[in-house]
Number of protein chains: 2
Amino acid sequence: MAGIKDVARAAGVSVSTVSYVLSNKRSISAETTRRVMDAIRELDYTPDASAQKMRGVRNSIIALSMPIRGDINLAKYNAYFLRTAWEAKNADYDVLLLTGEDMVGDIQRVTRSNLVDGVVLMDIEEDDERAAKAATYAKPTVAVGYPLSHDGCACIDIDFVQVGCQAADYLYDRGHRNVILLRDNEHDYERRSGYVVMFHESMMDRAEELGMSVLEFSKTDLARFDAVEFVHEMFSDGGMATAIISQAPASVLDHVLKEMQVRGIRVPEDVSVLSCGTFLEGEFMTRPVTEIPVMPELLAHKAVSLLVDSIEGGKSIAGMVDLVSPVIQERGSVMDLTAEGGRGSR
Amino acid sequence: MAGIKDVARAAGVSVSTVSYVLSNKRSISAETTRRVMDAIRELDYTPDASAQKMRGVRNSIIALSMPIRGDINLAKYNAYFLRTAWEAKNADYDVLLLTGEDMVGDIQRVTRSNLVDGVVLMDIEEDDERAAKAATYAKPTVAVGYPLSHDGCACIDIDFVQVGCQAADYLYDRGHRNVILLRDNEHDYERRSGYVVMFHESMMDRAEELGMSVLEFSKTDLARFDAVEFVHEMFSDGGMATAIISQAPASVLDHVLKEMQVRGIRVPEDVSVLSCGTFLEGEFMTRPVTEIPVMPELLAHKAVSLLVDSIEGGKSIAGMVDLVSPVIQERGSVMDLTAEGGRGSR
DNA sequence: TTGTAAGCGTTATCAG
DNA sequence: CTGATAACGCTTACAA
């Protein structure tokens, strides 16, 4: 590989001149510039990244920490992951993927060795070790999520307490008093995956305040989920529920929709459906479902922007928290029971 | 950040001693080792990656080039991607993600600047620019796929010509003479995504040789796909077909299975189903489907192993091709029409 | 067993 | 406008 010296020799100038031609940090005669550029092209010269970094040039790499578990919700996962990669690229940063078992160790290694300039933490749990140890990373860190312990990093997330309240209020306002909750993957509950739990608690609290009754259905482990059983139980157990709140992934929810369709149960005329903390966009659904979605594009954008600002501005972002207000997407699957005539809400 | 000099000072030794303690390249007294290790722990010292690299130490990073299109089959995509990341990690390499528009430019940049030690190309098309320009990359490159032009890189893929023959033979041997082909996403055909096209051509050729009739159904664009129409057309158009060969993703195929179930069409008694070049494992299907699957684990493993060997052994792998023989996964969805009594094949 | 010093490929400072 | 050179943090001959 040709180095800067080779270029200098070929162009008949000094190495510093070559460097300055590339960096535009001092004025160079047109003639010299031309000769140098020719030599660069001729030799296919690309500056060595390590040498540049040793001289203080940023390498523009951010680490993306994403645990790979067997039970992840791929669609949602991907939406966040791909969008974060896209935002990074857009800000002219490369992405170094950290997926191993020893997440904390890996992050410490890549930050302390100056391999990366910053860190994004994805798929955050309530007790997230990566976030808890963020103070030991040598570079600014932002978590997409809201872990309990987060002194060392910034946090960007949807305000899931608000999502819970909004969900309860939304249904209450439309006359629903008995709802059934189709829980997310139980693994996520066991792991206390941050948002899943926060939404759940907030929604249940709010429902109780309002005097709504919430029946929980939890067999949403994908491998074991049985839509037939769910629909059966839902309508056999007193048959009081007028609405379903779903945390389940698209495929599971769609099975429920299908099963109801088969049984002649209409949405929203017979039962309303509201999906919360999900990402149904682009999924193949039997019918559109009103949703309080997660917002991968927005969160990824905020996370990367904040991180890049910190990297380039040198300001610390440790401890910062930005909780975004949820936005409900009306898709006509919730019935307004208080409306005259009993027509759908949309 | 503490450097090697700080450690040396704290331990009361020279910098070379610290370096040798870390690298074990010469014997150090127990006492000195202890003092140095203490200082390292005390100061949280981690060697600077750039400085090491400048001295010829490998940085153990491979670039993973994966285009992000709107229409990718996420499940399959992920299986490859996650597995490749896992294999890399397992071989002690970090992964630098390249997802941008200017894939060739990015690969040239990260290889020539010595940022990475090798490159893996994913989601290869028949005319793949990345593979065609592989000779211009400064590091060994392996493509997971089989592009037309591949002089500059190694190729690892399933032998899709064999898959096509196997599919036709498998059904022919079991007495099927009229089959319907549920094509993959049309985008993949338009783009001439390598394997999709190779399978298709090979299967059609073989079917013709055998005198089988193949009816093609191509509305498998996820957004527009209509299982009802498909099943209707399949059984109205003469109703001759005894089997479906599917290239479609799990969700699309499952819709078809559901629609047939609703209509009382039994699998495999009334119609057989064979899925080819897909990755149904872990997908939620109405019933198991016999499959000639892609093999993400195997291909990722082979690709990373080959690449790492080349990096560490210094041997060129340009032009190498490794086509893996397909393995059929029997899951009882294909009926053996030649068997006495007409029972299912499994 | 340990220390000294050269040098990796850049950038920036200081002279011209 | 351009050139020589120190310095970045580390590894590794070469000396002791």
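Labels below follow one simple rule: chain letters A, B, ... track the order of the sequence lines, proteins then strands, and each chain is numbered from 1. For the numbers below, each heavy atom of this structure counts, side chains included, while hydrogens, waters and symmetry mates do not. None of these values were measured; they are calculated from a predicted model.
Atom CD1 of A:Ile4 is separated from atom C1' of C:dA12 by 12 Å (rounded to the nearest Å). The separation between B:Arg34 atom CZ and C:dT1 atom C1' is 17 Å, rounded to whole Å. Whole-Å rounding puts the B:Ile28 CD1 to C:dG3 P distance at 9 Å. Taking atom CZ of residue B:Arg112 and atom C1' of nucleotide C:dT10, one finds them 19 Å apart after rounding to whole Å. In this structure, B:Arg9 places its CZ atom 14 Å from P of C:dG3, rounding to the nearest Å.
There is a side-chain donor-acceptor pair under 3.5 Å between A:Thr17 and A:Ser14. With 3.5 Å as the limit, one finds no donor-acceptor pair spanning the side chains of B:Lys139 and B:Thr111.
Base engagement by B:Ser19 is indicated by at least one non-hydrogen atom pair under 4.0 Å involving a base atom. Across all strands, A:Lys25 comes closer than 4.0 Å only to sugar-phosphate atoms, never to a base (heavy-atom distances). Within 4.0 Å of A:Ser23, counting heavy atoms only, lies no atom of the nucleic acid at all.
With hydrogens and angles ignored, the 3.5 Å screen pairs a side-chain donor or acceptor of A:Asp117 with a backbone N or O of A:Ser60. Using a distance-only test at 3.5 Å, with no hydrogens or angles considered, a donor-acceptor pair links the side chain of A:Arg35 to the main chain of A:Ala11.
Not one side-chain nitrogen or oxygen of A:Ser16 sits closer than 4.0 Å to the OP1 or OP2 atom of C:dT13. Remark: A:Tyr45 is in phosphate contact with C:dT10, judged by side-chain N or O atoms under 4.0 Å from OP1 or OP2. Contact annotation: A:Gln52 reaches the phosphate of C:dT11 (side-chain N/O to OP1 or OP2, under 4.0 Å).
What you find for A:Asn59 and A:Leu115 is that their closest heavy atoms are OD1-O, 3.1 Å.
One can find a donor-acceptor pair under 3.5 Å joining the base of C:dT2 and the side-chain atoms of B:Arg26. Looking at B:Ser29, its side chain has no donor and acceptor atom pair within 3.5 Å of the base of C:dT2.
Scanning for side-chain hydrogen bond (donor to acceptor under 3.5 Å, both in side chains) contacts around B:Gln52 gives an empty result, with sequence neighbours left out.
You'll find that the side chain of A:Arg55 is closest to C:dT10, out of C:dA6, C:dT10, C:dT1.
When DNA chain D is scanned 5' to 3' for any atom under 4.0 Å from a heavy atom of chain A, the first and last hits are D:dC1 to D:dG9.
Aromatic pair A:Phe81/B:Phe81: ring centres closer than 6.0 Å.
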